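Everything below concerns the one structure shown next.
First the proteins, then the strands, lettered A, B, ... as listed; each starts at 1. The structure displayed is predicted, hence computed values, not measured ones.
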Amino acid sequence: DAGITQSPRHKVTETGTPVTLRCHQTENHRYMYWYRQDPGHGLRLIHYSYGVKDTDKGEVSDGYSVSRSKTEDFLLTLESATSSQTSVYFCASQQDSGNTIYFGEGSWLTVV
Amino acid sequence: AQSVTQLGSHVSVSEGALVLLRCNYSSSVPPYLFWYVQYPNQGLQLLLKYTTGATLVKGINGFEAEFKKSETSFHLTKPSAHMSDAAEYFCAVSVSQFYFGTGTSLTVIP
């Protein structure tokens, strides 16, 4: 399995505060992804990156931004957290388009 | 447009019984197909994948899936369920992007 680590693994934050989730991969994968997982919705793509400084929006990108300054790191930022962003967030990476996607262990975020 | 449909959000089987989890997809081009498993409080792990070649694909933990182009299906099976198989299972299609189904929760009854 690819070495993908997410931090923090658990976080509770207050409405209106900014939050940054970090994803680090050691496989030199080109593509990286942020998903959120909610009951009844499965996995939904927030943002993805196809190279350093190259990012694009997924289906649920409102309220989120991302940055990728190095191949191994992909940051997800909630500019001003809302209760609707309470979720489990998964980072994933992929060598090339069409190849297997490998997932991190998840970050549990609660916005109160 | 690509999509993935998993029939049955919850499936229950008895220990030792056949496991059958259904996945249908729509794709305008030949896709790569995947099954992932998610145990509680963990990330998704690859069970098996189909890219090209043999349409019957064997994965980890005794699971296998068959790609049927005519039926646009990629159902997951295991001959004999074990308690440790209880988990969430996701089917996925990869064309230019990954598309995941909404998942099937498998319960194994002792």
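When heavy atoms are compared at a cutoff of 4.5 Å, B:Tyr99 does not approach chain A at all. For chain A, the nearby part of B:Val95 is the backbone; its heavy atoms alone come within less than 4.5 Å. In this structure, chain B has no heavy atom under 4.5 Å from any part of A:Gln6. At a 4.5 Å heavy-atom cutoff, the contact between B:Gln38 and chain A is made by side-chain atoms alone.
Using a 30° and 60° split on the angle between ring planes, B:Trp35 and B:Phe74 fall in the parallel class, below 30°.
Salt-bridge check for A:Glu59 with A:Arg44: failed, with every basic side-chain N at 4.0 Å or more from each acidic carboxylate O. A salt bridge is absent between A:Asp73 and A:Arg68: the closest approach of a Lys/Arg side-chain nitrogen to an acidic carboxylate oxygen does not fall below 4.0 angstrom.
Residues A:Tyr35 and B:Phe100 bring their aromatic ring centres within 6.0 Å.
In terms of non-hydrogen atom pairs under 4.5 Å with chain B, the most contact-rich of A:Asn99, A:Thr100, A:Leu43, A:Leu45 is A:Thr100.
The neighbour count for B:Phe67 CZ, taken as heavy atoms of other residues, nucleotides or ligands under 6.0 Å away, is above 12.
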